[in-house]
Amino acid sequence: MRLATWNVNGLRARIDYIDHWIKHRQPDVVGLQELKTPDDVFPHEHFRDLGYQALVHGQKSWNGVAILAKHPMTLKQQGLPEQDDFGARLITAEITTPKGTAFDFTTVYCPNGKTLEHADFTRKLDWYKSLHTYWQQHAVAKHLICGDFNIVPEAIDGWRGEKGEGSIFYTQEERQHLQAFVDLGLTDLFRHYYPDSQEFSWWDYRGGAFHRKHGLRIDFLLATAPLVDATSEVIIDRDYRRKIDDLTASDHAPVYADLDI
DNA sequence: ATGCCTCCCCTTGGGAGA
C-alpha cells in the first residue's frame, strides 16, 4: 500500500505533470494540497480514468485538498471544525485495503503564517490548536495524517540550519504544535526511518533554490503506531521537483511511504 | 532590503506562496 502526500500548487496547471508521477509511482492513495480549484470543476473523470476515486474539499483560487484512492473510500470530514474561514485545508476519509484493513487518512494544508508579526501567524497557531482538538476527537488506532505542515521540525530540516532558528517556520511556538502530535502517538515516518538524513520536500521557485539545495522539509506523513510498524520505505521524491519536458513542477516534491496493510 | 518564480483572478497587474 503506497500512501502519498503532495502539495501540487494548482491542480489544473499541474494535471499533466501529476499524470506522469501517478503512472510512474502507482500510488494507492494520494493526499493533494493547494488545488486552487473549485469543487464544481474538479476533474473527477480524469482521475477515474487513471483508476482513482477522488474526494475533494476545494475552493476558488486558493487552498483546497483532495484524496485520490484506488480502493474503497468513504468521506469522514471536510474542513477543520472552528476554522472554516481560514480556507479549505482538511479532509479525512476511511479507506479499506484489498487485505480488508480499514484505516483513516487525513490530509491537511496548514496555514503559512506569512511573518511573525502578521495576524496570520497567530491564526496559524490557533489553527494547529483546532487540529489537535480534531485529532483527539477522531482517535482511531490506524490513522495517517499527511500534508504540507509549513513547519521546519528541526534545524536539519531547513537549508539555513541553525541560522534559521527563531524565524517563521523554525519557531518554538510552531514546533510545540508539531510536538503535540508526537505526544498523541504520531510518528514522522521519514525522520523515523532516516534519523540523520537531510532531505527537503520544498524549494522556492526563485533564485535557483533547487540547484543550490536551498529547501525545507515541511511535507510529512505522520502515522499511528500500527502503521509505523507496517512501513517498509519512505521516499521524498525529489526527481519530481524537476521539469518534465515542457511541464513545470510544483515547488513541493511528493512524499510517499510503502506499508504492508 | 528587494526580487528572483509560478499560480490564480469575471486578469493584463497584484496578491499569495514559504
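A, B, ... follow the sequence lines: proteins, then strands. Residue 1 opens every chain. In this text, all values refer to a predicted model and were calculated from it rather than measured experimentally.
- When atom types are taken as modelled, the side chain of R191(A) and the backbone of Y194(A) share a donor-acceptor pair closer than 3.5 angstrom.
- A distance of about 24 Å separates the C1' atoms of dT12(B) and dT2(B), rounded to the whole Å.
- dC8(B) and dG3(B) have their P atoms separated by 22 Å, given to the nearest Å.
- Here the P atom of nucleotide dG17(B) and the CG atom of D120(A) are 7 Å apart, to the nearest Å.
- Contacts of N63(A) with the nucleic acid, taken as non-hydrogen atoms under 4.0 Å apart, are absent.
- For the atom pair Q83(A) CD and D126(A) CG, the distance stands at 6.5 Å (nearest 0.5 Å).
- Sorted by first and then second residue, the salt bridge (Lys or Arg N to Asp or Glu O under 4.0 Å) pairs involving residues 138-148 of chain A (not counting sequence neighbours) form an empty list.
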> Stepwise, does the side-chain hydrogen bond (donor to acceptor under 3.5 Å, both in side chains) test hold for Q53(A) with K70(A)?
Replying inline: CA-CA 6 Å; Q53(A) 175 194 354; K70(A) 280 185 174 177; over 6 Å; no

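- Going from the P atom of dC10(B) to that of dT6(B) covers 23 Å, rounded to whole Å.
- Between N9(A) and the options K36(A), Q33(A), H252(A), a side chain to side chain donor-acceptor pair (under 3.5 Å) holds for only K36(A).
- For an aromatic pair to be called close, the ring centres must be under 6.0 Å apart, and H211(A) with W203(A) fails this.
- H118(A) comes within 4.0 angstrom of nothing in the nucleic acid, heavy atoms only.
- We find that CG of N7(A) is positioned 11 Å from P of dG17(B), with the value rounded to whole Å.
- Summarising the geometry, the separation between CZ on R123(A) and C1' on dG17(B) is reported as 16 Å, rounded to the nearest angstrom.
- The aromatic rings of H20(A) and H24(A) lie parallel to each other, their planes meeting at an angle below 30°, with 60° marking the opposite boundary.
- The gap from the C1' atom of dT11(B) to that of dA16(B) amounts to 15 Å, rounded to the nearest Å.
- Remark: the backbone N or O of G147(A) is paired with a side-chain donor or acceptor of T5(A) at under 3.5 angstrom.
- No donor-acceptor contact under 3.5 angstrom links the side chains of H57(A) and N63(A), judged on distance only.
- Near-neighbour residues of DNA chain B inside residues 159-170 of chain A, defined by a heavy atom below 4.0 Å, number-ordered: F169(A).
- Comparing dG13(B) with dA1(B), their P atoms are spaced 29 Å from each other, to the whole Å.
- Backbone-only contact: Y109(A) has heavy atoms under 4.0 Å from sugar-phosphate atoms and none from a base.
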> Using a cut-off of 4.0 Å between protein heavy atoms and nucleotide atoms, how would you tag nucleotides 1-10 of chain B 5' to 3' with B, S and -?
Replying inline: ---BBSBSSS

